[in-house]
Amino acid sequence: ACLSCALDQEGKAPATLAVQPKLKRASLRKKILMMNNSLPAALIVLTALLTGCGGGSAEDNQQITQVQAKTLRYGQQAVIQVAGQYLRADMTAETGLCKNPVFNTAQSVPGLAVLNCSVTTTGVQAITITGSNGQTLYKGSLTVPQPQVLLATSAGNITVELNPAAAPVTVNNFLSYVGSGYYRSTLFHRVIAGFVAQGGGYTTGLVKKPGQLAPIALESNKGLLNSRSSLAMARTSAPNSATSEFFINLVDNVSLDYQSESNPGYAVFGKVVQGMDIVDAIAAAQTSTVNGFANVPLKEVTITLALQTQ
């Protein structure tokens, strides 16, 4: 901060050196320098500070020293911390990683601004931040990881990684159910060894869980195959009928892949990246027909938690 007056040898501000509004900085500096031989060494330091005073407006001195993502997950609100000097909430950001980037006025201070936006893509994305005076303050990039979801089950934990670039509608639908807590207490209710393990729609006693969203469009012709460990959406015989139920392929199920418009197959939107041994254990469980449902595990396999972890 600028100093408004000089100090005499006793530490008081002499009237002859009081800074008047029209006093030029050079004149003040000259008078102080003439006193250096008799003033304490500390005042010489103050003279140097006076030399640097004034140097433009806060907007001209805006500077960004670091940009760091505190929270950056596909489908969620990003929290990006921007550190620097003289930062203002009326800065603007342009980036391909999210929609509607805006600086949070309630959480931002001059030394640390907080940028929020809704993350809509994955991978490395450029970000440019412009100051309130139109000056480019930062150019760089941030990386959004592929979304992953932890399925905690009574048989063990399974982690799936989703592919929103190939199947955005299906991924967004699945994450909506995850985010709402819908999958909690649902079952793997249909398990066929050498084929699939299916769940996400029924609770204990094979009761259909209410609260399903509207059916989604089928995304089966997107280059993802129903290979072992892949994650796909279950549906009825109608192509665009998938809601909450999903299945994990236990083997390469070529017959479930897209064949033609009349045989469109099933939409793959991710894969198991951890816990496939748990899936295999579920598939090995003894099954029977229960309440008209075939291939039901005799010992219920319950999803206790579905949580997006990245």
Does [X] have any side chain to side chain contact (heavy atoms under 4.5 Å, CB included) partners at least two apart in sequence or in another chain, and if so, which?
X	result
V207	T203
Q77	N116
S227	S230, D252

If I take atom [atom1] from residue [X] and atom [atom2] from residue [Y], how far apart are they, to the nearest 0.5 angstrom?
X	Y	atom1	atom2	result
I64	Y138	CD1	OH	8.5 Å
T130	K139	OG1	NZ	8.5 Å
L206	R190	CG	CZ	13.0 Å
L218	M233	CG	CE	10.5 Å
I127	L142	CD1	CG	5.0 Å
T186	I303	OG1	CD1	3.5 Å

If we count only N and O atoms by modelled type, under 3.5 Å, do the side chains of [X] and [Y] hold a donor and an acceptor together?
X	Y	value
T302	T304	no
N249	Y266	no
Q62	Q85	no

**Asked** Should the pair F174 and Y183 be assigned to parallel (<30°), tilted (30 to 60°) or perpendicular (>60°) ring geometry?
**Response** tilted
Is there a continuous path of hydrophobic side-chain contacts, each under 4.5 Å between heavy atoms, that joins [X] to [Y]?
X	Y	result
V301	L151	yes
V273	V171	no
L187	V160	no
I80	V102	no
L225	Y258	no

Minimum heavy-atom distance [X]-[Y], with the two atoms named:
X	Y	value
V279	A197	CG1-CB, 4.4 Å
A232	N226	CB-OD1, 3.6 Å
L213	S176	CD1-CB, 3.8 Å
P297	V191	CG-CG2, 3.7 Å
S108	A113	OG-CA, 3.5 Å
L250	A193	CD1-CA, 4.2 Å

**Complete:** ring-ring contact (aromatic ring centres under 6.0 Å, His included) filter on Y182, not counting sequence neighbours, yields Y177
Quick one: does [X]'s side chain get under 4.5 Å of [Y]'s, heavy atoms only?
X	Y	answer
P215	N240	no
T309	V149	no
V82	F103	yes
P110	L87	no
S260	N263	yes
P164	Q146	yes

Is the side chain of [X] donor-acceptor paired with the backbone N or O of [Y] at a distance under 3.5 Å, no angle test?
X	Y	result
Q274	I158	no
E300	G205	yes
R235	A267	no
K209	R184	yes
Q308	Y74	yes
N133	Q135	yes
N253	S255	no
N173	V169	no
T289	G292	no

Tracing side-chain links under 4.5 Å among I, L, V, M, F, W and Y, which residues wind up in one group with [X]?
X	result
L305	L307
V109	L112
L224	V268
V254	none

**Request:** For residues 274-298, pull every pair meeting salt bridge (charged side-chain N to carboxylate O under 4.0 Å, His left out), keeping only residues two or more places apart or in separate chains.
**Result:** R228-D280
**Item:** Pairs involving residues 152-171, ordered by first then second residue, that meet side chain to side chain donor-acceptor pair (under 3.5 Å) (sequence neighbours left out)
**Value:** Q148-E161, T170-E219
Show me the donor-acceptor pairs, under 3.5 Å and distance only, between side chains in residues 241-248 and residues at least two apart or in other chains.
unit_1, atom_1, unit_2, atom_2, d
S241, OG, T236, N, 3.0
S241, OG, T236, OG1, 2.9
S241, OG, A238, O, 2.5
T243, OG1, Q212, NE2, 3.4
S244, OG, G200, O, 2.9
S244, OG, Q212, NE2, 2.8
E245, OE1, H189, NE2, 3.4
E245, OE1, Q198, NE2, 2.8
E245, OE2, K208, NZ, 3.0

**Request:** Take L175 and L162 through the side chain to side chain contact (heavy atoms under 4.5 Å, CB included) test and state the conclusion after the steps.
**Result:** CA-CA 9 Å; L175 288 177; L162 313 181; 3.7 Å; yes
Can you list, pair by pair, the side-chain donor-acceptor contacts under 3.5 Å of residues 89-98, counting residues two or more places apart and other chains?
unit_1, atom_1, unit_2, atom_2, d
D90, OD1, R88, NE, 3.0
D90, OD2, R88, NE, 3.3
D90, OD2, R88, NH2, 2.7
T95, OG1, L97, N, 3.2
T95, OG1, A126, O, 2.8

**Message:** L231 vs F269, test: side chain to side chain contact (heavy atoms under 4.5 Å, CB included). Steps then yes/no.
**Reply:** CA-CA 6 Å; L231 177 69; F269 63 100; 3.4 Å; yes
**Message:** Run the side chain to side chain contact (heavy atoms under 4.5 Å, CB included) test on N100 and S118 for me, step by step, so that the C-alpha distance in whole Å, both residues' side-chain angles and the decisive distance to 0.1 Å come before the verdict.
**Reply:** CA-CA 7 Å; N100 305 321; S118 300; 5.9 Å; no
